[in-house]
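Structure record follows, encoded as C-alpha cells.
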Amino acid sequence: MAEKNTGGTAGAAGRAPTADRADAIRNVVLVGHSGAGKTTLVEQLLAATGTVQRAGRVEDGNTVSDFDEVEVRQQRSVNLAVAPLVHNGIKINLLDTPGYADFVGDLRAGLRAADAALFVVSASEGIDGLTQMLWEECAQVGMPRAVVITKIDHQRADFDEVLATCQDVFGDGVAPLYLPVITNGHVNGLIGLLSQKFYNYATGTRTEKEPGADYAAQIEERRGELIEGIIQESEDESLMERYLEGEPIDTKVLVEDLEKAVARGSFYPVLCSGLGVGAPEILEIMTQGFPSPLEHPLPEITDLSGKPVKGITCDPDGPLVAEVVKTTSDPYVGRISLVRVFSGTLRPDMTVHVSGHGLADRGHEDHDLDERIGTLTCPLGKQQRPAAKGVAGDIVAVAKLSRAETGDTLSEVDQPLLMTAWAMPDPLLPVAIRAKSKADEDKLSQALARLVAEDPTLRLENNAETRQLVLWCMGEAHTDVLLDRLSKRHGVEVERVELRVPLRETFGGKCQAMGRNVKQTGGHGQYAICHLEVEPLPSGGGFEFVDKIVGGVVPRQFIPSVEKGVRAQMERGVVAGYPMVDVRVTLYDGKAHSVDSSDMAFQIAGQLALKEAAAKVPTLLLEPVDELSVLVADDYVGSVMSDLSSRRGRVLGTEPVGTGRTLVKAEVPELEITRYAIDLRSMSHGTGTFQRSFLRYEPLPPNLASKVAATAD
C-alpha cells in the first residue's frame with residue numbers, strides 16, 4: 001500500500017462530490033464503541049482531503065457528523081450521519097454510526113448502506129462486547145473489514161496490547177500494515193511494514209525516509225507475520241513455497257494480493273490514527289483495498305407478492321431499486337430520506353413507487369404507493385448540497401417523500417419491487433408516558449407518528465387494558481433522546497408515568513350468589529333477580545356460561561341479558577379493576593316481573609350477583625408470566641441465572657450457542673422484567689440479549705396482591 005501515491009485529491013469545501021460510476025464509489029461504515037474516536041477520525045479524513053478546512057472537535061460541538069442538538073449536548077453520536085469525500089478520484093461515503101447499544105438501529109442501517117466496515121478501536125480502552133458481536137455479524141455475511149487503532153497518542157495508549165487484543169478477539173487474518181513511532185509520548189510517524197519506510201509526521205507534513213536501526217528487529221518480526229498472512233490468502237499457490245525457500249517476494253505482488261484479500265473479506269489490515277497522523281494510509285486502504293458497490297452482492301429482491309427477482313445488479317441503467325436507510329423529520333424542512341441506490345439512477349422530480357412491509361407490529365403499516373420525490377442532495381452532516389442524480393452504488397438524500405419510512409424500498413412505478421428488510425433488534429424497554437397538557441395531547445399523536453417513521457427500533461403501543469401510551473425503546477438513553485426530540489423538535493411536553501402491567505382476576509373458590517335489582521318508582525320500575533353459581537376454571541379455561549333454568553322462572557329472552565351483564569362486570573373486574581378470566585358461571589334460579597322486568601334490569605342483576613360472589617370467596621389476582629430466552633457470554637451465565645431467580649423466575653435450562661455463549665431459558669413474571677433491558681446490559685457489559693413471549697397467567701403472591709388491590713383505581 002505504502003508504495004503508491006498517498007496524496008489525496010482535495011475536494012472543494014462546500015461543493016458536493018459526485019460519482020457517475022459505481023467503481024468510483026466506496027461506502028464505508030465506521031463501527032466501534034462509544035468514545036472510540038469514530039467521529040474524530042471522520043473529521044481527520046475530511047480535513048486531510050480538503051473537504052473541510054479544519055477538523056472539528058467533539059468537545060467543541062463543531063464536528064460534521066455530530067450536528068444534532070442532543071449529540072452536541074451529550075458529546076456522543078446518537079444518529080447515523082454521512083460524510084462524503086474524494087480521494088484520488090474515488091468518492092468515499094463515510095457512514096459515522098453511534099457506538100452506544102441503545103442506538104443499534106442506526107448502526108445496523110449504516111451496515112446495510114455500506115460495502116465495507118472500518119472497525120475503530122481505542123488504543124487506551126480496547127474492545128467492548130458489542131464491537132465483538134458486530135465483528136461476528138460482519139463475518140457471517142462476509143463484509144470486508146479493516147481495523148483502525150485510534151488515540152495512539154493518548155497518555156494511556158498501548159498499541160501493542162490493543163493490537164494483541166484485536167488479533168485474539170477478531171481472530172485470524174488480523175495484521176498491522178504500519179507501526180507507530182512514539183518518542184517521549186508523542187507520535188512522530190508510522191513505519192510501513194511492506195515498504196520498510198518511515199513516514200514522518202513531526203513537521204505536520206508527511207515525509208518519507210529510512211527508519212532507524214533501533215526498529216530493525218521489530219520491523220523484521222512484524223513484516224514476516226504480515227507477509228505470511230498475505231501469502232496464505234494469495235490465489236498464487238506457489239508464493240508460499242517460494243517464500244519458505246527464501247526467495248524475496250516483490251512488494252508490488254504482495255500489495256496486489258493484499259488488496260484482493262481485503263476486498264474479499266478474508267484479510268483484515270490494522271492501521272493507526274492519532275492527532276494529525278495516519279489519514280493518508282487509511283484513505284489508501286479504503287480506495288485501493290475496499291470493494292466498490294459492483295463487488296458487493298445486493299440484498300434479496302422480490303416483487304410485491306414475495307416472489308424472488310433475479311438478475312438485478314449494480315447498474316445505473318438497470319431498474320431502480322433503492323432503500324431508505326435513515327429518515328429525519330424537521331419542522332421547517334419536512335421529511336428527509338437518506339437513500340442507498342442499489343440499482344438504476346435516482347433523479348430529482350421523478351415519480352417512484354414506495355413499498356414498506358414487515359414492521360406492522362412496530363407501528364409501520366404495510367404500504368404501497370407512488371410518490372414524486374423532490375430535490376436530491378449530497379449530505380455533509382447537516383449541510384444539504386444539491387446533487388444532479390444518485391447512481392447505482394451511491395448514497396443521496398431525498399426531500400419530500402412524505403410517506404416513505406426507514407426501511408422502505410423505492411422502485412419504478414411500472415415495476416414495483418421490495419428489498420428484504422435488514423435484521424432489527426426488538427425494543428424491550430417499555431416506558432409509559434402522557435401529555436402534560438391538553439395542547440400537548442393534541443400534538444402528541446402526530447409527533448409520535450414522525451418518530452416511529454424515523455426509527456424502526458421504536459414501537460408504539462396504545463394499551464387498551466391499562467389505558468396507557470407505551471413507548472417500547474432500546475434502553476434508557478434511547479428513551480431520553482426520544483423524549484428530548486418530542487420536546488425540542490416537535491414542541492410536545494410529556495411526562496413518564498409508572499408502567500402498569502395488565503393483570504387478571506379470578507375466583508379462588510366455588511360459591512353461590514344472588515343479584516337483586518328491584519326498584520319500584522312512580523312509573524315503570526325494574527325487577528330482576530338471578531341466582532348464580534361461580535367456580536374457577538383451570539388456567540387458560542376462559543369463560544363458560546351455563547343455563548340451568550327450569551320452569552321459566554327467568555324468561556328465555558332475559559337469560560342472554562344475565563350473561564351480558566356478567567361479561568360486562570368481568571371486563572371491569574371486581575377487586576382491582578382488571579378483567580376476570582377462567583370462570584364458569586351457572587344461572588340456576590331467578591325471578592321476573594311481567595311488567596317491570598327488562599333486558600337492562602337482568603344485565604344489572606347479573607353484575608350484582610358477580611360482585612356478591614366476590615365478597616363470599618377469595619378473589620385472586622393473576623400476573624402474566626413470560627418465557628425468557630437470554631443469550632449471554634459464558635462468563636455471565638451464573639450472574640444471569642442468579643438474577644432471574646431473584647426475580648421470582650424459574651430457570652428451565654441452558655444450552656451452548658456457538659463458541660463462548662450460552663442460551664438461558666426461564667419463566668419470569670412480567671412485573672419483574674419491565675426494566676430487564678437495562679439490568680441485563682449492566683450485568684453482561686452490553687453483550688447480553690434476550691427475547692420474551694407471553695406464556696400464561698399465574699396467581700400473584702398474596703403480599704404483592706394486597707398492594708395492587710390497595711392502589712387500585
Side-chain angles (χ1 to χ4, degrees), residues 26-46 56 58 63-68 70-72 74-85 92-122 125 127-139 141 143-150 170 273 282 286 290 296 323-328 336-340 379-382 395 397 406-407 422-425 427 454-458 474-475 477-478 481 686-687:
R26 302 291 184 271
N27 297 310
V28 182
V29 60
L30 279 73
V31 178
H33 66 80
S34 186
K38 299 184 297 298
T39 301
T40 299
L41 178 58
V42 169
E43 290 296 314
Q44 292 175 353
L45 297 174
L46 291 174
V58 173
T63 62
V64 166
S65 52
D66 283 359
F67 57 86
D68 190 286
V70 176
E71 294 174 315
V72 173
Q74 297 184 1
Q75 295 190 1
R76 67 176 177 189
S77 301
V78 302
N79 298 308
L80 172 68
V82 181
L85 54 85
I92 305 173
N93 291 313
L94 297 175
L95 295 149
D96 188 13
T97 64
Y100 197 66
D102 278 22
F103 309 109
V104 69
D106 274 51
L107 190 153
R108 291 185 186 278
L111 288 170
R112 175 66 161 219
D115 303 307
L118 208 58
F119 275 75
V120 181
V121 178
S122 168
E125 298 172 33
I127 302 171
D128 70 342
L130 178 62
T131 304
Q132 181 179 354
M133 290 170 61
L134 289 169
W135 181 276
E136 293 171 1
E137 284 187 27
C138 290
V141 297
M143 177 172 278
R145 284 149 282 162
V147 180
V148 176
I149 297 179
T150 59
F170 294 153
S273 172
I282 297 170
M286 288 194 289
F290 282 166
H296 195 68
E323 189 171 39
V324 179
V325 295
K326 174 74 177 174
T327 307
T328 55
I336 298 175
S337 304
L338 187 67
V339 174
R340 162 73 193 262
L380 178 64
K382 64 182 177 182
I395 298 172
T406 301
W422 65 82
M424 197 64 69
E454 295 175 19
D455 189 351
T457 62
L458 168 65
M474 296 300 299
H478 188 208
V481 168
T687 62

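Note that this is a predicted model, so its numbers are computed, not measured.
- Val64 has its side chain out of reach of Val42: every pair of non-hydrogen atoms, C-beta onward, lies at least 4.5 Å apart.
- Heavy atoms only, all atoms of each residue included: Thr39 and Ser65 are closest at CG2-OG, 3.4 Å.
- With rounding to the nearest 0.5 Å, the separation of NZ in Lys382 from CD1 in Ile336 is 13.0 Å.
- In this model, no donor atom of one side chain and acceptor atom of the other lie less than 3.5 Å apart for His296 and Asn27.
- Under the rule for a side chain to side chain contact (heavy atoms under 4.5 Å, CB included), the partners of Thr131 that lie at least two apart in sequence or sit in another chain are His33, Phe119, Ile127, Asp128, Phe170.
- Across every non-hydrogen atom of Ala114 and Met143, the tightest pair is O-CE, 3.7 Å.
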Query raised in the report: Going through the distances and angles, do Val141 and Leu111 end up as a side chain to side chain contact (heavy atoms under 4.5 Å, CB included)?
Result: CA-CA 11 Å; Val141 297; Leu111 288 170; over 6 Å; no

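- Annotation: the span from Gln75 atom CD to Asp66 atom CG amounts to 9.5 Å, rounded to 0.5 Å.
- With values rounded to the nearest 0.5 angstrom, Gln74 atom CD is found 10.0 Å from Tyr100 atom OH.
- What you find for Ala36 and Thr150 is that their closest heavy atoms are O-OG1, 2.5 Å.
- Of all the heavy atoms in Met424 and Pro456, the pair that sits closest is CE-CG, 3.8 Å.
- Between Val324 and Trp422 the shortest heavy-atom distance is O-CH2, 3.8 Å.
- Looking at His478 and Asp455, their side chains come closer than 4.5 Å, going by heavy atoms from C-beta outward.
- Partners of Ile282 according to the side chain to side chain contact (heavy atoms under 4.5 Å, CB included) rule, which considers only residues two or more places apart in sequence or in another chain, are Leu41, Leu45, Leu118, Val148, Leu271, Ser273, Met286.
- Side-chain atoms of Glu323 never come within 3.5 Å of backbone atoms of Arg340 as a donor-acceptor pair (strictly under, hydrogens ignored).
- Every residue two or more places apart in sequence or in another chain that forms a side chain to side chain contact (heavy atoms under 4.5 Å, CB included) with Asp68 is listed here: Val70, Glu71, Asn79, Arg485, Arg489.
- To the nearest 0.5 Å, atom CG of residue Leu107 and atom CG of residue Leu95 are 10.5 Å apart.
- Checked by atom type and distance alone, the side chain of Glu454 never pairs as donor or acceptor with a backbone atom of Thr406 at under 3.5 Å.
- Residues Pro379 and Pro84 share a closest heavy-atom pair of O-CD, 3.0 Å.
- Here the OG1-NZ distance, from Thr63 to Lys38, works out to 12.0 Å after rounding to the nearest 0.5 Å.
- Counting only distance, with no hydrogens or angles, the side chain of Arg26 and the backbone of Phe290 share a donor-acceptor pair below 3.5 Å.
- Looking only at atom types and distance, the side chain of Asp106 has no donor-acceptor partner in the side chain of Thr97 under 3.5 Å away.
- Here the straight-line distance linking atom CG of Leu30 with atom CG of Asp96 works out to 6.0 Å at 0.5 Å rounding.
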